[in-house]
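All remarks here apply to the structure that follows.
Below, chains carry the letters A, B, ... as their sequence lines are ordered, and counting in each starts from 1.
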Number of protein chains: 2
Amino acid sequence: MDKKELFNQFVAFTTAVHQVTHELTQNVKIENITPVQYKILEYIKVSQPVTPTEISDCQHMSLPNTSRELRKLQERKLIKKIIDTEDRRKHYVCLTEDGEKIMEEAFACIDERFQQLIQHASKKDLEDISYALNILDEKVFNPNS
Amino acid sequence: MDKKELFNQFVAFTTAVHQVTHELTQNVKIENITPVQYKILEYIKVSQPVTPTEISDCQHMSLPNTSRELRKLQERKLIKKIIDTEDRRKHYVCLTEDGEKIMEEAFACIDERFQQLIQHASKKDLEDISYALNILDEKVFNPNS
DNA sequence: TCCATTACTTATCATTTGATAACAAAATAA
DNA sequence: TTATTTTGTTATCAAATGATAAGTAATGGA
């Protein structure tokens, strides 16, 4: 196995992943939500509670810009902030009920398209896919966990 | 294999892929190139020659905006356009020598970080990774090819 | 107590990106 | 030939995003 060749395979693969994730999410349409705001909501949904600093780090945006987007999401009642009782500088960000509802709909929509994508997969195919995902997670994308 | 469970695994996986590709490309710094322009160059590099319409489709941007960015890249002598002799409406876009040089440097930089990522992988690991990439390409991300 | 650091906010400005209308030129179909 | 479609450009405006300075409040250490 040539490592250079593996790199080419890797590049083609990640391109395909980006393409497919774009297709899966493209018909998720939340009223008046910008792409960046959607990514933030998605992150909160999966990892809540999170602090603005964590969002800032994970989404690769400055804390001031994160703060601005969070304020907009809060104004739209999609998220709420809870101040840590231990360290009152820290804010824990969570989805509100409205936010949860919207994100569950979004995920359901993505899931629906995902199920279409794998509709022709056999039982063994599904096992192979799951196994392959695990291998790559373990050896490339999440080597520590 | 529960299809719902596979979806969760899939979501976590694609998130990790996006995260890692961001890390691999983040220290590719080309002077005065915007992210969109970089994505266009990357696409041209891999798929040249391409037409503006193809770029527009693949990068999910309107043709006018594609045209604008291509003009900027052309002004910087990173790409060139060749008019199709058969159908003179069509323009084939290619990298110039300067463009090739810059993109090869960029890819070398990404490759370097990729090699770090898999530096501890054994021969068998590499084979497993390659196999897993193939499986996923075949059954999920590139079902037609 | 005083000072430095951390977590976050507000405000402002520049740049990038997206959307749309109007146009030109070439190809194709009627 | 004339109309229609395709391919691409230019121009303009609005919105989203990025960068940075300045400020508040809480914490923790000297």
Worksheet entry | Proximity to the side chain of A/P52 - top-ranked nucleotide from C/dT9, C/dA21, D/dT17 | C/dT9

Item to complete: For A/D57 and C/dT6, give me the distance from atom CG to atom P, rounded to whole Å.
Response: 13 Å

Item to complete: Report yes or no: does B/S47 contribute a side-chain atom to a donor-acceptor pair with the main-chain N or O of B/I44 at less than 3.5 Å?
Response: no

Practice prompt. Could you check which of D/dA19, C/dT6, D/dT9 has an atom nearest any side-chain atom of A/R89?
Written response: C/dT6

Item to complete: Quick one: name the residues clustered hydrophobically with B/I135, using the 4.5 Å side-chain heavy-atom rule over I, L, V, M, F, W, Y, and just say none if it's on its own.
Response: B/Y131

Worksheet entry | Rounded distance in Å - CD1 (A/I79) to C1' (C/dT9) | 13 Å

Practice prompt. For A/N65 and C/dT16, give me the distance from atom CG to atom C1', rounded to whole Å.
Written response: 13 Å

Worksheet item: With nearest nucleotides of DNA chain D determined for A/V36 and B/Q74 from heavy-atom distances, which residue corresponds to the more 5′ nucleotide?
Response: B/Q74

Worksheet item: Can you tell which of D/dA19, D/dA16, C/dT17 lies closest to the side chain of B/R68?
Response: C/dT17

Worksheet item: Reckon A/H91 has a side-chain N or O less than 4.0 Å from the OP1 or OP2 of C/dT9?
Response: yes

Discussion item. Please give the remaining members of the hydrophobic cluster of A/I83, linking ILVMFWY side chains under 4.5 Å, ordered by chain and number.
Written reply: none

Worksheet item: Mind checking whether A/F13 and A/F141 have parallel, tilted or perpendicular rings, split at 30° and 60°?
Response: tilted

Discussion item. What is the distance, to the nearest angstrom, from the NZ atom on A/K90 to the P atom on D/dA26?
Written reply: 16 Å

Fill in: Spacing between A/E75 atom CD and C/dT9 atom C1', to the nearest angstrom
13 Å

Discussion item. If you take any heavy atom closer than 4.0 Å to DNA chain C, which residues from residues 80-88 of chain B end up in contact?
Written reply: B/E86, B/D87, B/R88

Item to complete: Could you work out which one of D/dT10, C/dC8, D/dA16 sits closest to the side chain of A/P35?
Response: D/dA16

Practice prompt. May I have the distance from B/Y38 (atom OH) to C/dT15 (atom P), rounded to whole angstrom?
Written response: 24 Å

Worksheet entry | Test item: B/T96 side-chain N/O and B/L78 main-chain N/O as donor-acceptor pair under 3.5 Å | yes

Worksheet item: Does the side chain of A/Q59 pick up a donor-acceptor pair with the side chain of A/T66 at under 3.5 Å?
Response: no

Discussion item. Tell me the interatomic distance from B/I55, atom CD1, to D/dT7, atom C1', rounded to whole angstroms.
Written reply: 13 Å

Practice prompt. Just call it for B/T51: base, sugar-phosphate, or nothing, with non-hydrogen atoms closer than 4.0 Å on any strand.
Written response: sugar-phosphate

Worksheet item: Hey, is the side chain of B/T34 poking within less than 4.0 Å of OP1 or OP2 on C/dT17, counting only N and O atoms?
Response: yes

Item to complete: Take atom CD of A/Q59 and atom P of D/dA19, then tell me their distance rounded to the nearest Å.
Response: 15 Å

Worksheet entry | Side-chain H-bond candidate by donor/acceptor type, B/Q115 with B/D111, under 3.5 Å | yes

Discussion item. With a cut-off of less than 4.0 Å, is there a side-chain N or O of A/S62 near OP1 or OP2 of D/dT20?
Written reply: no

